[in-house]
Amino acid sequence: MEYNFREIEQKWQAEWKKNGTYKTEIDNSKPKFYVLDMFPYPSGAGLHVGHPLGYIASDIYSRYKRLKGYNVLHPMGYDAYGLPAEQYAIQTGQHPAVTTTKNINRYREQLDKIGFCYDWTREIRTCDPGYYQWTQWAFIQMFNCYFDNNLQKAQPIQQLVDQFEKSGTEGINVTCTETMEFSAQAWNSKTEKEQQEILLNYRIAYLANMKVNWCPALGTVLANDEVSEGVSVRGGHPVEQRIMRQWSLRVSAYAQRLLDGLDTIDWTDSLKETQKNWIGRSEGAEMKFKLKGQDTEFEIFTTRADTIYGVTFMVLAPESDYVKVCTTPEQASAVEAYLDQVKKRTERERISDRRVTGVFSGSYAINPVSGTEIPIWISDYVLAGYGTGAIMAVPAHDSRDYAFAKHFNLSIIPLIEGCDISEESFDAKEGILTNSGFLNGLTVKKAIAATKKYVEEKQIGRIKVNYRLRDAIFSRQRYWGEPFPVYYKNGLPYMLPIEKLPLLLPEIDKYLPTETGEPPLGRALNWGWNEAEQKVTATSEIDNQNIFPLELNTMPGFAGSSAYYLRYMDPHNDKGLVSREVDDYWRNVDLYIGGTEHATGHLIYSRFWNKFLFDLGIVCEEEPFKKLINQGMIQGRSNFVYRIKDTNTFVSLNLKNQYETTPIHVDVNIVSNDILDIEKFRNWNPEYKTAEFILEDGKYICGWVVEKMSKSMYNVVNPDDIVENYGADTLRLYEMFLGPIEQSKPWDTNGIDGVHRFLKRLWSLFYKENKFLVNNNEPTADELKSLHKTIKKVTYDIENFSYNTSVAAFMICVNELFSMKCSKKAILEPLVILLTPFAPHIAEELYHALGHESTVCNAEFPVCNESYLVENSIKYPISFNGKVRFTLELPADMPRDEVEKTAMANEQTEKQLDGKTPKKIIVVPGKIVNIVF
RNA sequence: GCCCGGAUGGUGGAAUGGUAGACACGAAGGACUUAAAAUCCUUUGGCUUCACGGCUGUGCGGGUUCAAGUCCCGCUUCGGGUACCA
């Protein structure tokens with residue numbers, strides 16, 4: 001019987017499906033384990049061979065944990081809302097739901113072939129109303145809460161209203177967009193509209209005018225993590241700054257908790273570091289500067305309060321509110337011209353072009369410590385969004401201030417003894433202060449502390465912690481996303497009642513903005529809210545009395561992916577996102593596998609969302625993902641042919657230097673071991689039908705290079721083809737065998753024969769021609785040693801996610817058993833169970849061949865018996881001055897001095913020493929002998 | 001600029017401070033076969049030697065150690081993240 005992988009894999013996939021082998025239920029008798037993959041966005045291109053890498057890794061771990069006796073939750077679903085489907089809809093008129101469903105079906109077909117142990121009864125799609133009603137629900141919860149800074153926790157907004165009614169803003173410490181102060185009396189005398197407007201300043205989901213990243217090409221705003229270097233991450237379109245009234249989530253309120261939480265989870269240091277930088281905590285002081293000749297003052301933020309004596313000018317961000325206050329009539333036109341110029345520049349231009357620009361406002365500030373007068377400038381190197389949007393400039397010790405001072409010829413006062421500032425600023429936080437009044441003689445560190453103390457005592461400012469993390473803009477001017485459960489009355493937002501969710505995404509005729517520039521939902525014919533009857537009605541009936549307009553924006557991509565891991569726990573619950581009982585069992589994700597590209601997006605938003613739900617008591621764990629592993633990227637390995645210039649003749653790689661050639665990408669699927677299949681090449685493209693070839697050794701050898709896997713490079717390898725030619729088990733093993741899971745590495749189909757041969761060889765221990773070879777003979781010590789060595793290694797490697805080395809261990813074991821001609825059941829049965837996580841189909845087949853009726857998935861993972869591994873003798877490497885010269889086989893229990901004596905007595909030792917006396921002899925029992933002379 | 005990773009044969013990669021190159025691909029040679037495929041066996045870092053063996057070798061330069069791919073210091077270089085963040 002031959003190893004017929006096609007038959008075996010189809011048979012067991014059907015059997016597993018029929019028996020619900022991977023269906024998971026709560027089972028209090030077993031410990032739980034939750035393994036999650038980052039769910040995919042189903043793109044039209046389908047899966048290439050790089051996508052399943054992480055899925056295979058998590059599948060192995062899931063199966064391993066199950067064999068170890070855990071109740072394993074391992075679900076899968078689709079991040080189904082997104083731009084590509086919508087842009088395809090704009091081009092073709094095809095409804096995004098149609099495209100998305102088609103792509104999902106294709107993904108599912110591809111995934112099914114690989115033999116994953118997903119519980120598909122728990123599948124979710126973010127665009128499914130049964131799912132997105134909980135995204136809408138969460139948004140309403142956020143609208144109904146504010147963040148209490150003292151408790152560091154979300155609280156119902158009603159508590160804040162009670163507070164305002166009783167004592168106004170007196171004594172409150174809550175996160176808000178803008179600091180407000182009013183009395184209880186003032187609050188109580190405000191109209192409903194005014195009160196609601198104020199509350200938006202405090203809600204966790206709030207509507208506000210803010211500076212947003214507007215992407216004209218995509219026709220929508222983008223969040224900070226969706227923009228990189230001034231262009232959109234998706235598509236690379238330019239982004240500009242605009243003020244717009246948009247929904248935002250007060251993620252910044254959770255900055256400290258997001259930072260602290262990192263210490264409690266098992267993520268890689270580099271990922272934690274990325275999040276730390278993104279959150280960007282910096283401790284400093286906020287200081288007040290008075291304006292000369294006026295009764296106003298303004299605040300700046302600095303981490304270098306110690307440099308206060310070196311402030312020679314101030315800088316305001318162009319968007320700062322202080323600009324108006326500071327600009328004198330004489331300077332008004334110059335300032336206006338400058339603001340105009342700044343406004344015209346896109347984010348990208350500003351980043352690429354670092355010219356020093358700025359304008360003098362005409363006003364002066366008073367240094368609160370030294371009392372000197374300081375000119376106030378305006379420049380776009382100061383950002384409105386960070387700190388207070390105003391800085392004190394210390395050109396001697398800040399390179400940006402230095403460049404500005406040099407450009408505009410402003411004075412520079414050095415503050416550190418002996419520092420050289422003739423060419424550049426001295427930015428290091430070290431040295432002894434000078435020119436600094438009461439700080440003279442102190443080190444920088446001490447001076448910072450001393451200034452902070454001084455600032456607080458003299459009440460010219462306060463210690464302040466700033467975060468770089470911004471609130472998340474939550475509105476998108478797109479069609480294919482979750483509709484907001486919001487309608488507008490008097491221009492103010494009101495939430496739909498929770499029982500009326502989901503608010504379904506309406507149908508529209510075209511997926512474009514309206515003629516008046518409204519988002520696509522502006523085209524919906526049924527997009528009014530009948531408040532009295534609590535239902536959606538015709539847009540034409542909107543009268544702003546009883547029928548109100550619904551929100552036209554939709555939610556961004558990260559909305560649906562922020563809590564999906566919770567929904568998998570309880571996917572069919574129609575009373576809540578997840579019931580508390582179910583959440584108490586599954587708690588959080590024990591192992592999360594996915595790419596690093598989500599480090600500053602999804603992984604921040606999810607943690608924020610989870611913390612918010614934790615505050616509400618909906619979930620029991622504060623962190624959603626306990627352990628996280630980033631799988632590396634699978635790169636493409638492109639092949640080239642070399643066309644001789646101006647001909648249709650192609651020259652083989654090692655002869656190309658004799659000609660003038662152009663390298664041309666050739667489809668890797670018509671190349672094998674870098675040898676071109678000439679016939680296939682001629683048929684690949686009509687242009688090459690008549691191609692001529694200059695061969696070497698009768699072959700055409702292609703060149704190759706590692707680059708991104710993409711259609712345009714013709715280096716995309718499809719997992720379906722691999723499964724068809726080698727089987728899913730071979731694909732799974734080979735993907736793991738390629739190298740460490742976290743490392744990026746190129747895909748090269750060439751090596752796949754090795755793991756395929758391994759499976760065939762394993763098969764050959766069971767079957768020869770039509771004979772079943774397995775017997776019940778007693779295993780020998782060597783056979784047991786081979787097996788248990790492998791059990792030990794594989795167990796250790798799985799726990800440490802070192803899958804490439806476990807595949808190697810399997811190969812070694814099978815090679816050993818093969819040369820021992822071992823077909824003993826006592827050895828093969830544990831081996832088959834051990835292999836189950838990696839190659840479940842062949843394992844299931846062989847397990848049944850060994851006489852089992854039930855699935856191997858429910859078997860017990862073998863345990864290593866150390867007593868089989870004990871060695872009687874050890875081969876000691878005998879080295880001289882660190883260089884190994886020969887080995888000596890000695891009994892394992894030989895004491896140290898005996899080993900030394902035996903080694904010294906050896907004639908080869910004598911030869912090596914050549915009459916010299918050893919200075920020192922190192923014996924590491926069980927390891928090595930080193931003789932120094 | 002700052003932060004985080006890497007750099008080991010022709011290739012992918014192994015290696016708790018203890019015989020560098022496990023395992024696999026590829027290549028070369030051989031067996032079986034009319035032939036091919038499949039399978040099996042042998043060799044395979046480089047230089048050198050008929051051979052035993054010797055020399056050399058983990059990006060570069062130093063150091064620590066009886067012993068360094070591994071630890072420390074200083075570079076080179078390739079990835080990734082991030083940035084007028086005060």
Side-chain angles (χ1 to χ4, degrees), chain A residues 2 228-229 268-278 280-282 284 300-305 307 315 317 350-351 354 356 379-383 385-394 397-401 403-404 427 466-470 596-597 599-600 630 632-633 635 637 673-675 704 706 733-734 737-740 742-758 760-761 764 802 804-812 815 818-819 875-887 918-924 926-933:
Chain A
E2 283 212 352
S228 179
E229 312 218 343
T268 59
D269 288 341
S270 74
L271 188 55
K272 284 187 187 181
E273 201 61 32
T274 305
Q275 290 219 336
K276 269 182 202 162
N277 291 340
W278 188 259
R281 179 191 157 103
S282 76
I300 59 95
F301 174 74
T302 180
T303 54
R304 293 294 303 276
T307 59
V315 187
R350 233 183 41 144
I351 289 166
R354 293 263 174 103
V356 176
S379 172
D380 66 356
Y381 83 87
V382 172
L383 305 177
Y386 186 76
T388 59
I391 62 156
M392 61 181 219
V394 186
H397 304 291
D398 182 285
S399 52
R400 295 153 302 178
D401 298 345
F404 194 85
D427 289 14
N466 250 314
Y467 299 92
R468 200 184 78 101
L469 184 70
R470 299 269 76 88
T596 35
E597 66 273 22
T600 52
N630 291 123
M633 279 238 293
Q635 295 147 312
R637 185 184 186 275
N673 285 329
D674 293 335
I675 299 166
W704 62 274
V706 171
L733 281 169
Y734 188 53
F737 190 60
L738 275 180
E742 287 175 279
Q743 195 172 305
S744 285
K745 59 244 159 189
W747 175 270
D748 181 359
T749 308
N750 290 340
I752 202 165
D753 289 321
V755 288
H756 193 60
R757 268 175 214 148
F758 154 72
K760 284 200 276 193
R761 188 168 265 208
S764 77
S802 176
N804 55 329
T805 51
S806 20
V807 177
F810 279 119
M811 289 173 168
I812 293 168
N815 287 345
F818 183 81
S819 61
K875 261 191 187 171
Y876 275 94
I878 313 298
S879 54
F880 296 83
N881 292 337
K883 291 184 185 198
V884 176
R885 290 300 158 191
F886 61 95
T887 57
K919 280 189 212 140
K920 200 171 183 182
I921 300 163
I922 314 275
V923 177
V924 185
K927 279 268 153 65
I928 201 168
V929 176
N930 191 17
I931 299 164
V932 187
F933 64 93

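Below, chain A is the first sequence line, B the second, and so on; all start at residue 1.
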Atom CD1 in A:I391, atom OH in A:Y381: separation rounded to 0.5 Å?
4.0 Å
Rounded to the nearest angstrom, tell me the gap between atom [atom1] in [X] and atom [atom2] in [N].
{"X": "A:F810", "N": "B:A24", "atom1": "CZ", "atom2": "P", "answer": "14 Å"}
{"X": "A:K883", "N": "B:U56", "atom1": "NZ", "atom2": "P", "answer": "4 Å"}
{"X": "A:F880", "N": "B:G54", "atom1": "CZ", "atom2": "P", "answer": "11 Å"}
{"X": "A:D401", "N": "B:C84", "atom1": "CG", "atom2": "P", "answer": "15 Å"}
{"X": "A:Q275", "N": "B:A83", "atom1": "CD", "atom2": "P", "answer": "14 Å"}
{"X": "A:F933", "N": "B:A67", "atom1": "CZ", "atom2": "P", "answer": "13 Å"}
{"X": "A:K272", "N": "B:G5", "atom1": "NZ", "atom2": "P", "answer": "13 Å"}
{"X": "A:R281", "N": "B:A83", "atom1": "CZ", "atom2": "P", "answer": "20 Å"}

What base-paired stems does RNA chain B take part in, with at least 3 consecutive Watson-Crick or G-U wobble pairs and both distances under 3.5 Å?
B:1-7 with B:76-82, B:10-12 with B:23-25, B:26-31 with B:39-44, B:45-48 with B:53-56, B:59-63 with B:71-75
Looking at every heavy atom in both A:Y876 and A:G926, which two are closest together, and how far apart are they?
OH-N, 2.7 Å
Which residues pass the salt bridge (charged side-chain N to carboxylate O under 4.0 Å, His left out) test with [X], sequence neighbours left out?
{"X": "A:R304", "value": "A:D306"}
{"X": "A:R281", "value": "A:E283"}
{"X": "A:R400", "value": "A:D398"}

With a 3.5 Å distance limit and no angle check, can you tell me whether A:N750 reaches the backbone of A:N673 through a side-chain donor-acceptor pair?
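Yes, A:N750 side chain to A:N673 backbone: donor-acceptor pair under 3.5 Å.
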Anti or syn, where syn is a glycosidic angle within 90° of 0; which label fits B:G69?
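Classified anti.
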State which of [options] makes the closest approach to the side chain of [X].
{"X": "A:M811", "options": "B:G18, B:U82, B:A24", "value": "B:A24"}
{"X": "A:Y386", "options": "B:G18, B:C85, B:C66", "value": "B:C85"}
{"X": "A:N815", "options": "B:A22, B:G18, B:A24", "value": "B:A24"}
{"X": "A:V382", "options": "B:A86, B:A15, B:U82", "value": "B:A86"}

For A:S879, side chain to side chain contact (heavy atoms under 4.5 Å, CB included) partners two or more places apart
A:V884, A:I928, A:N930
Residue list, side-chain hydrogen bond (donor to acceptor under 3.5 Å, both in side chains) with [X], at least two apart or on another chain:
{"X": "A:R761", "value": "A:N815"}
{"X": "A:S802", "value": "A:T805"}
{"X": "A:D674", "value": "A:R637, A:N639"}
{"X": "A:S764", "value": "none"}

Could I get a table of every N or O pair under 3.5 Å where one atom is in the protein and the other is in nucleotides 10-13 of chain B?
unit_1, atom_1, unit_2, atom_2, d
B:G12, O2', A:L738, O, 2.5
B:G13, OP1, A:Q743, NE2, 3.0
B:G13, O3', A:N804, ND2, 3.4

Please state whether the phosphate of [N], meaning OP1 or OP2, lies under 4.0 angstrom from any side-chain nitrogen or oxygen of [X].
{"X": "A:Y381", "N": "B:A86", "value": "no"}
{"X": "A:N630", "N": "B:G80", "value": "no"}
{"X": "A:R885", "N": "B:C55", "value": "yes"}

Identify, with sequence neighbours excluded, every residue that meets ring-ring contact (aromatic ring centres under 6.0 Å, His included) alongside A:F810.
A:F838
Nearest-nucleotide wise, let me know which of A:V356 and A:L271 is further upstream toward the 5' end of RNA chain B.
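The answer here is A:L271.
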Position toward the 5' end of RNA chain B (nearest nucleotide), A:T887 or A:N673:
A:T887
Would you tabulate the pairs of protein nitrogen or oxygen atoms and nucleotide nitrogen or oxygen atoms of nucleotides 35-40 of chain B closer than 3.5 angstrom?
unit_1, atom_1, unit_2, atom_2, d
B:A38, O3', A:K760, NZ, 3.4
B:U39, OP1, A:K760, NZ, 3.4
B:C40, OP1, A:R761, NE, 3.0
B:C40, OP1, A:R761, NH2, 2.7

